[in-house]
Amino acid sequence: QVQLVESGGGLVQPGGSLNLSCAASGRTFSLLSMAWFRQAPGQEREFVGRIAWPTWNGDRTFYADSVKGRFTVSRDNAKNTGYLQMNALKPEDTAIYYCAGTPRTGNYMYTELYNYWGQGTQVTVSS
C-alpha cells in the first residue's frame, strides 16, 4: 500500500502561483507514475499532469492541454514527494486537486489506472 497526502492549496488571485506537494509513504518503490487530477463542483475528475516516479525512468512528463505551459509536475525521490507548480492561474483552475499513484502502465489520463489517491487540497482562484 501507498499513502498520499497533498498540501499547499489555498486562495490565490488570477495570474498568481501555487505549489502543491504530495507526500508519499509506504511501498513507494512500487510506483511507476505519480499524477495530478482535479475536480470542480459538478464536474468529473480530470487529468492535469503526470510524471514517471522511479528515477531510472527519467523525468518524462505529460500534461493536459488546458495546463500545458503553465503547470509543471516534478518529484524529489529522496523526499518521496511530488509537486505541482501552478503559474498564471485562472478562475477556471478552481478545483480540488488530487495526487494519484500507480504501479501499472496504461493510459495515464484515466482515473481507473491509479490505485492510490490523496485526500485532495482545495485551490481557489478568485479576485
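Hydrogens, waters and symmetry mates are skipped; everything else that's a heavy atom, side chains included, is used.
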**Student:** Within the distance-only criterion (no hydrogens, no angle test), does the side chain of Thr72 pair as donor or acceptor with the backbone N or O of Gln85 below 3.5 angstrom?
**Tutor:**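 No; judged by distance alone, with no hydrogens or angles, the pair does not exist.
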**Student:** Answer yes or no: is there an ion pair linking Asp65 with Lys68, defined by an N-O contact shorter than 4.0 Å?
**Tutor:** yes
**Student:** Given Ser126 and Leu11, is the side-chain contact (heavy atoms from CB on, under 4.5 Å) satisfied, shown in steps?
**Tutor:** CA-CA 7 Å; Ser126 175; Leu11 173 65; 4.2 Å; yes
**Student:** Backbone N or O of Ala52 within a donor-acceptor pair of the Arg75 side chain at under 3.5 Å?
**Tutor:** yes
**Student:** Using side-chain contact (heavy atoms from CB on, under 4.5 Å), reason through Met86 and Val12 one step at a time and then give a plain yes or no.
**Tutor:** CA-CA 11 Å; Met86 304 185 293; Val12 63; over 6 Å; no
**Student:** Among Tyr114, Tyr108, Tyr110, Tyr97, find the one that has a ring-ring contact (aromatic ring centres under 6.0 Å, His included) with Phe37.
**Tutor:**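 So, applying the ring-ring contact (aromatic ring centres under 6.0 Å, His included) to Phe37 and each of Tyr114, Tyr108, Tyr110, Tyr97, only Tyr114 qualifies.
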**Student:** Applying side-chain contact (heavy atoms from CB on, under 4.5 Å), run through Gln122 and Thr94 and close with a yes or a no.
**Tutor:** CA-CA 8 Å; Gln122 177 70 48; Thr94 296; 4.1 Å; yes
**Student:** OG1 of Thr61 to CD1 of Ile51: how many Å apart, nearest 0.5 Å?
**Tutor:**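 The distance works out to 6.5 Å.
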**Student:** Is there a donor-acceptor pair under 3.5 Å between the side chain of Asn77 and the backbone N or O of Trp53?
**Tutor:** yes
**Student:** What distance do Tyr116 atom OH and Met34 atom CE have between them, rounded to the nearest 0.5 Å?
**Tutor:** 12.0 Å
**Student:** Are any of the side-chain heavy atoms of Trp36 and Glu6 separated by less than 4.5 Å?
**Tutor:**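 Yes, their side chains come closer than 4.5 Å.
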**Student:** Does Arg38 form a side-chain contact (heavy atoms from CB on, under 4.5 Å) with Val123? I'd like the steps, not just the answer.
**Tutor:** CA-CA 9 Å; Arg38 65 187 182 186; Val123 171; over 6 Å; no
**Student:** Donor-acceptor pair, distance only, cut-off 3.5 Å: does the side chain of Gln13 make one with the backbone of Ser127?
**Tutor:** no
**Student:** For Gln1, does the CD atom sit with more than 12 other heavy atoms under 6.0 Å from it, leaving out its own atoms?
**Tutor:**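 No, the 6.0 Å shell around CD holds no more than 12 heavy atoms from other groups.
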**Student:** At what distance, to the nearest 0.5 angstrom, does CZ of Arg60 lie from CZ of Arg50?
**Tutor:**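 Answer rounded to 0.5 Å: 6.5 Å.
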**Student:** Tell me whether the count of non-hydrogen atoms from other residues, nucleotides or ligands lying under 6.0 Å of CZ in Arg104 goes above 12.
**Tutor:** yes
**Student:** Measuring from atom CG of Leu20 to atom OG1 of Thr81, what distance do you get when rounded to the nearest 0.5 angstrom?
**Tutor:**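 Separation between the atoms: 12.5 Å.
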**Student:** Give, for atom CG of Leu31 and atom CG of Leu4, the distance between the pair rounded to the nearest 0.5 Å.
**Tutor:** 7.0 Å
**Student:** Any non-hydrogen side-chain atom of Asn80 less than 4.5 Å from a side-chain atom of Phe29?
**Tutor:** no
**Student:** Roughly how far, to the nearest 0.5 Å, is OH of Tyr98 from CD of Gln119?
**Tutor:**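 OH of Tyr98 is found 9.0 Å from CD of Gln119.
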**Student:** Can you find a heavy atom in the side chain of Glu44 that is under 4.5 Å from one in the side chain of Thr111?
**Tutor:**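 Not touching, per the 4.5 Å side-chain cut-off.
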